[in-house]
Amino acid sequence: MIQYLWLIVSVLLGAAGQVLMKWGVGSPKPEEAGWLSWSGVAAAWPIAAGLASYGLSSVFWLIALRKFPLSTAYPMVSAGYIVVMVLGYYLFHESLSPQKWFGAAFISFGVLLIARA
């Protein structure tokens, strides 16, 4: 069961990276700070934190790949889509249509089928 922890943490860190980068690009920054400058990155620290979260996610992903066949592990990454969708709703007030919920249900069902295989 602990082997699933590597996958779950990897997915959650990847989702956190997405949320942090979204927050960073939406945050105000000084006019003289370009996105590709050090002052721009410092003003948008959530972007740097999001990239760091991705890096850490990759470490957990590599450990998970040692524990699972790729054909089992990779589909689990799609659970991150659902996490990001829900976080986008709560943190950024994005809409959640019935179509999005239906898609999330399909993803969840597919992940469960693969996890049980």
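The figures that follow rest on heavy atoms only: side chains count, while hydrogens, waters and symmetry mates do not. Every value quoted in this text rests on a predicted model; they were computed, and no experiment measured them.
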Shared hydrophobic cluster for Val9 and Ile2 (ILVMFWY, side-chain gaps under 4.5 Å):
yes
Please check: side-chain N/O of Ser108 versus main-chain N/O of Ala104, any donor-acceptor pairing under 3.5 Å?
yes
Would you check if Val19 and Leu91 make a side-chain contact, meaning some heavy-atom pair closer than 4.5 Å?
yes
I need the minimum non-hydrogen distance between Ala15 and Val83, along with the two atoms involved.
CB-CG1, 3.7 Å
Suppose the criterion is ring pair (Phe, Tyr, Trp, His ring centres under 6.0 Å): which pairs have a residue in residues 51-80, not counting sequence neighbours?
Tyr4-Phe68, Trp6-Phe60
How close do Val111 and Pro75 get, heavy atom to heavy atom, and via which atoms?
CG2-O, 3.6 Å
Using the rule that Ile, Leu, Val, Met, Phe, Trp and Tyr join whenever any side-chain heavy atoms are under 4.5 Å apart, tell me whether Ile82 and Met76 fall into a single cluster.
yes
Shared hydrophobic cluster, Val11 / Ile107 (ILVMFWY, side-chain heavy atoms < 4.5 Å)
no
Single-linkage hydrophobic cluster, 4.5 Å side-chain cutoff, Met85 and Tyr90 together:
yes
From Gln18 CD over to Ser53 OG, what is the distance, rounded to the nearest 0.5 angstrom?
9.5 Å
Stepwise side chain to side chain contact (heavy atoms under 4.5 Å, CB included) check, Arg66 with Gln3
CA-CA 9 Å; Arg66 294 179 70 196; Gln3 64 196 24; over 6 Å; no
Should Ile47 and Leu20 be marked as a side chain to side chain contact (heavy atoms under 4.5 Å, CB included) after you check the CA-CA gap, both sets of side-chain angles, and the distance that decides it?
CA-CA 6 Å; Ile47 294 173; Leu20 285 164; over 6 Å; no
Under 3.5 Å, is there a donor-acceptor pair between the side chain of Ser57 and the main chain of Leu13?
no
According to side-chain hydrogen bond (donor to acceptor under 3.5 Å, both in side chains), does anything in residues 80-89 pair up with another residue at least two apart or in another chain? List the pairs.
none
Are any of the side-chain heavy atoms of Ser95 and Lys100 separated by less than 4.5 Å?
yes
Same cluster for Trp45 and Leu56 if Ile/Leu/Val/Met/Phe/Trp/Tyr side chains link at under 4.5 Å?
no
Over all atoms of both residues, closest heavy-atom pair of Leu65 and Leu70:
CD2-CD1, 3.6 Å
